[in-house]
Amino acid sequence: MNGAADILGYTLFYMLPALVANASPVLLGPGHPVDFGRVMGDGRRVFGDGKTFEGLVLGLSAGVFIGVSEATFWAPQAFAVYAAALSAGALLGDLAGAFVKRRLGLRRGAPAPLLDQLDFVLGAYLVSAAASAASGSGFRVFGDVLPLSTQLDVVLTSLYLVPLLHLATNAAAFRLKLKPNPW
Ligand code: CTP
Ligand code: MG
């Protein structure tokens, strides 16, 4: 049996690579856009200037670094692989979210409630579950690193905990003048 506080702790711990991968690119200045500045048939950018190669490299490196540290000291070693998958998935999910925002005609940085907070979480889960399936552990977010019931708790908790955290960290980034908007 896990208490509520345990579940919050597990959720933060096991989602940390994805959270760090998603949050660290904000520290960068302008970079080279992933879409090379290309515009689609609707007259809008594919992803926009907010998605850069530098951001992908920093996000993946930071997420993997955190995950490998967690796996070295506190988690089963197999978590290192999931950390890489969660980080890559978070960045891909964020790219997909930007793609959707541009198609909806939203400017870079315009708020898209829930999409902004959950695109990277869903991307992280999809890629991580694919890594689990590829390694023969079934289509599970954390393979056999965690009992299935705990995985379910972590996934469900993250769906509301991550949006709350995201709002809090973005508000902090805004106050530190790292972001032009508090969302
Ligand atoms: N960033 C980056 N490369 C990425 C992701 C993010 O360089 N692959 C940086 C950009 O400077 C971006 C900032 O991190 O502005 C914050 O990311 P996010 O909030 O996802 O981007 P937005 O500016 O809100 O842009 P969008 O509307 O496209 O989501
Ligand atoms: Mg985003």
Side-chain angles (χ1 to χ4, degrees), residues 11-12 14-69 81-131 141 154-183:
T11 304
L12 280 178
Y14 284 98
M15 289 307 291
L16 199 58
L19 293 167
V20 168
N22 182 63
S24 51
V26 76
L27 301 171
L28 295 170
H32 297 78
V34 174
D35 65 8
F36 297 102
R38 286 233 296 274
V39 169
M40 294 194 72
D42 57 9
R44 316 265 178 190
R45 291 280 296 276
V46 182
F47 300 116
D49 286 332
K51 306 298 143 186
T52 66
F53 285 107
E54 288 84 346
L56 294 180
V57 170
L58 176 66
L60 188 63
S61 314
V64 167
F65 175 79
I66 290 292
V68 168
S69 307
V81 174
Y82 290 103
L86 289 164
S87 303
L91 292 159
L92 290 176
D94 181 54
L95 269 183
F99 181 84
V100 170
K101 284 172 74 173
R102 297 304 90 81
R103 303 291 72 75
L104 294 173
L106 295 171
R107 285 170 296 103
R108 169 192 179 183
L114 293 184
L115 182 63
D116 280 334
Q117 291 86 37
L118 291 177
D119 54 5
F120 78 96
V121 177
L122 298 182
Y125 289 157
L126 269 178
V127 174
S128 190
V141 171
V154 165
V155 167
L156 292 177
T157 305
S158 66
L159 292 182
Y160 67 83
L161 189 64
V162 171
L164 290 177
L165 265 178
H166 203 250
L167 289 174
T169 53
N170 282 348
F174 170 69
R175 280 169 169 251
L176 294 170
K177 302 195 194 314
L178 291 171
K179 282 194 73 151
N181 327 293
W183 50 77

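If you read the sequence from its start, that first residue is 1, and numbering goes on from there. Just follow the structure's listing: the first ligand is 1, and inside any ligand the first atom is 1.
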message: Under 4.0 Å, counting heavy atoms only: does Glu54 come that close to any atom of ligand 1?
response: no
- prompt: Quick one: how many protein N/O/S atoms are under 2.8 Å away from the Mg ion (ligand 2)?
  reply: 1
query: When you measure from the side chain of Asn22 to the backbone N and O of Ala18, does any donor-acceptor pair fall under 3.5 Å?
result: no
field: Within residues 91-130 or reaching into it, pairs that qualify as ring-ring contact (aromatic ring centres under 6.0 Å, His included) - sequence neighbours excluded
entry: Phe120-His166
statement: re atom 17 (O) of ligand 1, the protein heavy-atom contact at minimum distance is Lys51 NZ, 3.9 Å
Protein heavy atom at shortest distance from atom 9 (C) of ligand 1: Pro25 O, 3.5 Å
task: Please report which non-hydrogen protein atom sits nearest to atom 11 (O) of ligand 1, along with the residue it belongs to and the distance in Å to one decimal place.
output: Arg108 NH2, 3.3 Å
task: Tell me which protein heavy atom sits closest to atom 29 (O) of ligand 1, plus the residue, atom name and distance to 0.1 Å.
output: Lys101 NZ, 3.3 Å
message: Under 3.5 Å between any N/O of Gly50 and any N/O of ligand 1: does that happen in this structure?
response: yes
task: Indicate, as side chain, backbone, both or neither, the part of Asp94 found under 4.0 angstrom from ligand 1 when only non-hydrogen atoms are considered.
output: side chain
message: Quick check: Leu28 and ligand 1, any N/O pair under 3.5 Å apart?
response: no
query: Restricting to pairs with a member in residues 18-48, which pass ring-ring contact (aromatic ring centres under 6.0 Å, His included), not counting sequence neighbours?
result: Phe36-Phe53
query: For atom 25 (O) of ligand 1, what's the nearest protein heavy atom and its distance?
result: Gly109 N, 3.4 Å
Quiz: residues 82-92 side-chain donor-acceptor pairs under 3.5 angstrom, not counting sequence neighbours:
| from | atom 1 | to | atom 2 | distance (Å) |
| --- | --- | --- | --- | --- |
| Ser87 | OG | Ala83 | O | 2.7 |

query: Is the backbone of Thr11 close enough, under 3.5 Å, to the side chain of Ser158 for a donor and an acceptor to pair up by distance?
result: no
task: Looking only at protein heavy atoms, identify the closest one to atom 3 (N) of ligand 1 and say how far it is in Å.
output: Thr52 N, 3.0 Å
query: Within less than 4.0 angstrom of ligand 1, does Leu56 place any heavy atom?
result: yes
query: So which heavy atom in the protein is nearest atom 19 (O) of ligand 1, and how far is it from that ligand atom?
result: Lys179 NZ, 3.0 Å
